[in-house]
Amino acid sequence: MKSHQISTFLSGRRMFVVANNIILVLLALSMIVPLINVLAVSFTTDFESYENTIKLFPREPSTVGYQVLFERVAIWRPFLNNTIVTVAGTLLHVFFASMAGYVLTKQRFIGKALLVLMVTIPMMIPFQMIIIPVFVMMRRLGLLDTLYALVLIDIVATFSVLLMKNYFEGIPISLAESALMDGAKEFTIFSRIYFPLAIPGIVTITIFQFVSRWNQFLPAVLFINSPQNYTLQIALRSLVVDLELTSTTQQVANNTRMAGIVVSVLPLILVYVIAQKYFIKGIMIGAIKE
Amino acid sequence: MLYLLILPAVVYFILFAYLPVVDGANISFQNYRFVGESEYVGFQNYQKVFDTAGFWRVFRNTVILGLSNVVLTAFVPMLLAMMLNEVMFSPWKRFVQTILYLPHLFSWVVVGGIWIFILAPNGGIVNSIRGLFGADPVFFLVKENLARPLYIGVNLWKQAGYVCILFLAAIAGINPELYEAAMIDGAGGFKRALYITVPELARTLKVVLLLNVMGALRIFDQIYVMRNEVVAPKVDVLMYYVYIRGLEQFDLGYAAAISVFIFLITLVITLIARRLMKYNV
């Protein structure tokens with residue numbers, strides 16, 4: 001390569017690097033600026049929250065938005081409901097999915113092929129396509145407008161069962177066989193030997209269930225009616241959507257709306273920060289499942 | 001004892017997957033009522049699906065929004081991953097990656113709420129920036145011609161970072177010898193990207209496209225949160241229509257018929273997509 005060729009190559013490369021990073025900075029800003037803006041506005045006064053300035057910092061910091069959110073809007077009730085549904089739903093999901101996954105690792109037993117089919121096929125049936133009959137089912141079971149309905153939906157999922165099955169398969173069978181020989185019950189073998197050895201898989205499912213339960217929206221829209229049973233997403237929706245000009249709901253200022261958003265994403269960000277490496281792992285597994 | 005462990009899963013799937021599919025098909029042939037007798041009406045509900053202008057309007061919207069989402073949230077994240085891969089300073093790379101992923105963690109109520117605020121005429125950041133140049137505030141969310149591009153853009157904003165991670169992982173798995181060989185042959189950065197990275201990412205691209213296709217007909221949350229009556233003719237989608245007709249107006253048979261119809265379409269599309277992928281990989 002002649003020297004002038006090298007120098008044009010280098011300057012071309014340098015121009016690319018500069019342009020590339022400028023675009024990435026702009027993209028990162030398109031994420032960061034709105035989020036900081038939301039945080040800043042949540043700490044403004046009512047009046048300031050309507051100002052047309054690019055607000056990345058409150059001029060007169062104030063917690064009035066949060067006060068309205070917790071006192072007048074009483075967000076603590078939906079927050080509590082959300083926590084109940086998320087914790088109960090996630091724990092049961094992990095428990096049921098890993099039990100089912102454990103059973104499917106068993107070498108040979110009567111009806112195994114049928115059970116594998118029964119557990120796998122539901123992946124092809126998206127919830128959105130059966131909302132009418134599921135509503136009818138919930139009505140039949142007398143669970144409409146209860147938090148039970150929200151815990152029950154997605155209490156187990158094909159994806160989680162198969163994921164746990166894969167984790168369990170990595171554990172030597174001899175372990176279970178010798179325990180079985182010693183007269184241990186299946187449930188004991190599962191809970192004492194297999195479950196503790198599959199912790200990485202369990203953490204992955206737990207995190208993804210936590211996030212999807214915390215954000216659960218459509219089931220709450222379908223099944224919940226009374227304000228005392230509202231979950232966070234339902235309550236937040238009536239808070240942030242103010243386009244219905246005929247709406248009779250009490251209007252709140254922008255600071256309260258943004259405070260609502262901050263409060264509802266805080267647990268998610270906390271979990272994300274703590275368990276970031278499991279997120280990346282889970283994303284990869286999630287894409288491979290299809 | 002062994003069967004007892006898998007019983008909860010089986011019962012759940014029977015009650016909330018298998019029976020609903022049967023029930024849904026059954027309801028779609030009835031003039032279904034919660035109280036009193038429901039009568040069988042044959043294919044009347046299906047007839048109504050094809051005869052109703054409202055249905056075809058939301059069908060069109062779903063296809064337009066869905067197709068745009070399928071294509072954009074595959075190719076843009078791929079480009080993004082290739083750009084990020086060129087970043088040599090890894091803390092900066094990881095920072096951008098983390099920030100881009102963040103909106104995927106949030107619900108549509110949160111993301112919708114953030115964008116409703118950003119685009120608002122009072123206090124919204126977009127109008128504040130326009131104000132710096134002396135422009136009057138615009139109420140973006142009630143502009144009919146802006147609705148679809150806005151919804152597609154916000155969806156991209158939410159999902160791009162997540163899909164980008166898939167592509168980054170795939171890029172990390174490409175054999176470095178391919179690049180070295182290309183370097184020796186004198187291929188520049190652009191050529192290497194075009195002739196090595198892009199073909200090597202084809203498999204991941206297909207998986208992402210398939211995932212996007214399966215999600216496309218199910219759009220609901222975003223529309224439910226961001227829609228308003230002014231832009232409704234442009235953005236109301238199938239699942240929203242099913243919800244309104246079925247559970248707000250209680251035309252359950254009709255809503256069930258639409259669901260069955262969409263379900264069948266989804267199955268066909270998925271099967272076709274899977275087959276196409278198999279033959280091409």
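Here is the naming used below: chain letters follow the sequence lines, and residue numbers restart at 1 for every chain.
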Please determine, among A/V271, A/I23, A/L92, A/I130, the option with the most heavy-atom pairs under 4.5 Å with chain B.
A/I130

Proximal component of B/L105, with respect to chain A [non-hydrogen, under 4.5 Å]
both

Quick one: what part of A/V38 sits under 4.5 Å from any heavy atom of chain B, side chain, backbone, both or neither?
side chain

Residue A/S212 versus chain B: region with a heavy atom under 4.5 Å:
neither

Heavy-atom cut-off 4.5 Å, strictly under: side chain, backbone, both or neither for B/I27 against chain A?
side chain

So which residue, A/V265, A/V211, A/V161, A/V33, ends up with the most heavy-atom pairs under 4.5 Å with chain B?
A/V265

Using only heavy-atom distances, determine whether the side chains of A/N21 and B/W92 contain a donor-acceptor pair under 3.5 Å.
yes

Determine whether the aromatic ring centres of A/Y272 and B/Y101 lie less than 6.0 Å apart.
yes

Where does B/L238 contact chain A at under 4.5 Å (heavy atoms): side chain, backbone, both or neither?
neither

So is A/R139 actually on top of B/F34's ring, under 6.0 Å and inside 45° of the axis?
yes

Do the non-hydrogen side-chain atoms of A/V136 and B/Y32 ever get within less than 4.5 Å of each other?
yes

Is B/V242 in contact with chain A via its backbone, its side chain, both, or neither, using a 4.5 Å heavy-atom distance?
both

Contacting moiety of B/I114, where chain A heavy atoms sit under 4.5 Å:
both

For A/F187, which atoms come within 4.5 Å of any heavy atom of chain B: side chain, backbone, both, or neither?
both

So, B/D23 and A/R140, do they make that salt bridge, N to O below 4.0 Å?
yes

Where does A/Q233 contact chain B at under 4.5 Å (heavy atoms): side chain, backbone, both or neither?
both

Please tabulate, for side-chain N and O atoms in residues 131-142 of chain B, each donor-acceptor pair with protein atoms closer than 3.5 Å (sequence neighbours left out).
none

What part of A/V41 gets within 4.5 angstrom of chain B, counting heavy atoms only: side chain, backbone, both, or neither?
side chain

Over 60° means perpendicular and under 30° means parallel, so tell me whether A/F217 and B/F220 are parallel, tilted or perpendicular.
tilted

Under 4.5 Å from any heavy atom of chain B - which part of A/I110
both

